[in-house]
Amino acid sequence: MIMPLINGLKITLKHMFMKPVTLQYPDERPTPSPNFRGLHALKVSHSKAKCVCCYLCPTVCPAKCITVEAGEDQEHNKYAERYEIDMLRCIFCGYCVEACPVDALKMTGEFELANYKREDFVFVKERLLEK
């Protein structure tokens with residue numbers, strides 16, 4: 001009867017002197033894990049997006065939130081003329097990143113995606129290009 005009470009008091013005293021884990025957001029920003037899947041980003045190579053428009057990312061996307069339309073430049077190379085991700089439908093599974101054969105897509109640690117309008121959650125190619 002007395003030992004469980006002492007053990008409970010010991011745990012309470014231990015937690016009283018521990019550093020609190022609560023962050024005062026937005027003044028204190030959390031550091032996401034390296035494995036965190038946040039906002040998507042298109043990688044840039046030679047001042048243009050690395051995407052070769054192979055349509056693998058919209059194919060493997062279970063939420064069907066990626067839209068890609070191909071274009072062709074003067075050297076007959078395909079590029080993504082239109083690349084959109086609807087973040088309201090995205091489930092951040094990362095299949096699109098894994099499926100990309102040229103490693104053109106990545107998921108960043110950005111987690112603040114709040115907006116006021118539904119249209120602002122559709123991320124177009126220019127907005128997805130990494131800075």
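Residue numbers run from 1 in the order of the sequence given.
With contacts defined as side-chain heavy-atom distances shorter than 4.5 Å, the pair Glu84/Cys65 does not qualify. Side-chain contact between Tyr83 and Leu105 is present, with heavy atoms from C-beta onward closer than 4.5 Å. For the pair Cys53 and Tyr55, the minimum side-chain heavy-atom distance is below 4.5 Å. Two residues are said to be in side-chain contact when any heavy atoms from C-beta on lie closer than 4.5 Å; Leu39 and Leu113 meet this criterion. Taking the side chain as every heavy atom from C-beta outward, Phe123 and Met87 approach each other to under 4.5 Å. Leu56 places a side-chain heavy atom less than 4.5 Å from the side chain of Pro101.
Between Arg127 and Val122, the shortest heavy-atom contact is NH1-O, 3.9 Å. Here the closest non-hydrogen pair linking Cys90 and His40 is SG-CE1, 3.4 Å. Closest approach of Tyr95 to Pro62, counting heavy atoms only: CD1-CD, 3.9 Å. The two residues Phe36 and Glu110 make their nearest non-hydrogen contact at CE2-O, 4.2 Å. In terms of heavy-atom proximity, Ile66 sits nearest to Cys96 at CD1-CB, 3.7 Å.
The NZ atom of Lys50 lies 12.5 Å from the NZ atom of Lys48; values are rounded to the nearest 0.5 Å. For the atom pair SG (Cys93) and CE (Met107), the distance works out to 7.0 Å, reported to the nearest 0.5 Å. Taking CD1 of Ile85 as the start and SG of Cys61 as the end, the distance is 8.0 Å to the nearest 0.5 Å.
The hydrophobic clustering, which links ILVMFWY residues whose side-chain heavy atoms are closer than 4.5 Å, places Leu42 and Val124 apart.
The aromatic rings of Phe111 and Tyr25 are tilted relative to each other, their planes meeting at an angle between 30° and 60°.
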Evaluation steps, side chain to side chain contact (heavy atoms under 4.5 Å, CB included), between Leu88 and Arg118: CA-CA 8 Å; Leu88 292 176; Arg118 295 186 69 83; 3.5 Å; yes
Checking side chain to side chain contact (heavy atoms under 4.5 Å, CB included) for the pair Cys51/Tyr79: CA distance, chi angles, key distance, verdict? CA-CA 6 Å; Cys51 181; Tyr79 70 98; over 6 Å; no
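Side-chain N or O atoms of Arg89 include one that pairs as donor or acceptor with a backbone N or O of Lys64 at under 3.5 Å.
The residue from Gln74, Glu72, Lys78 that alone fulfils the side-chain hydrogen bond (donor to acceptor under 3.5 Å, both in side chains) condition with His76 is Glu72. Exactly one residue among Lys106, Lys125, Lys43 makes a salt bridge (Lys or Arg N to Asp or Glu O under 4.0 Å) with Glu130. That residue is Lys106.
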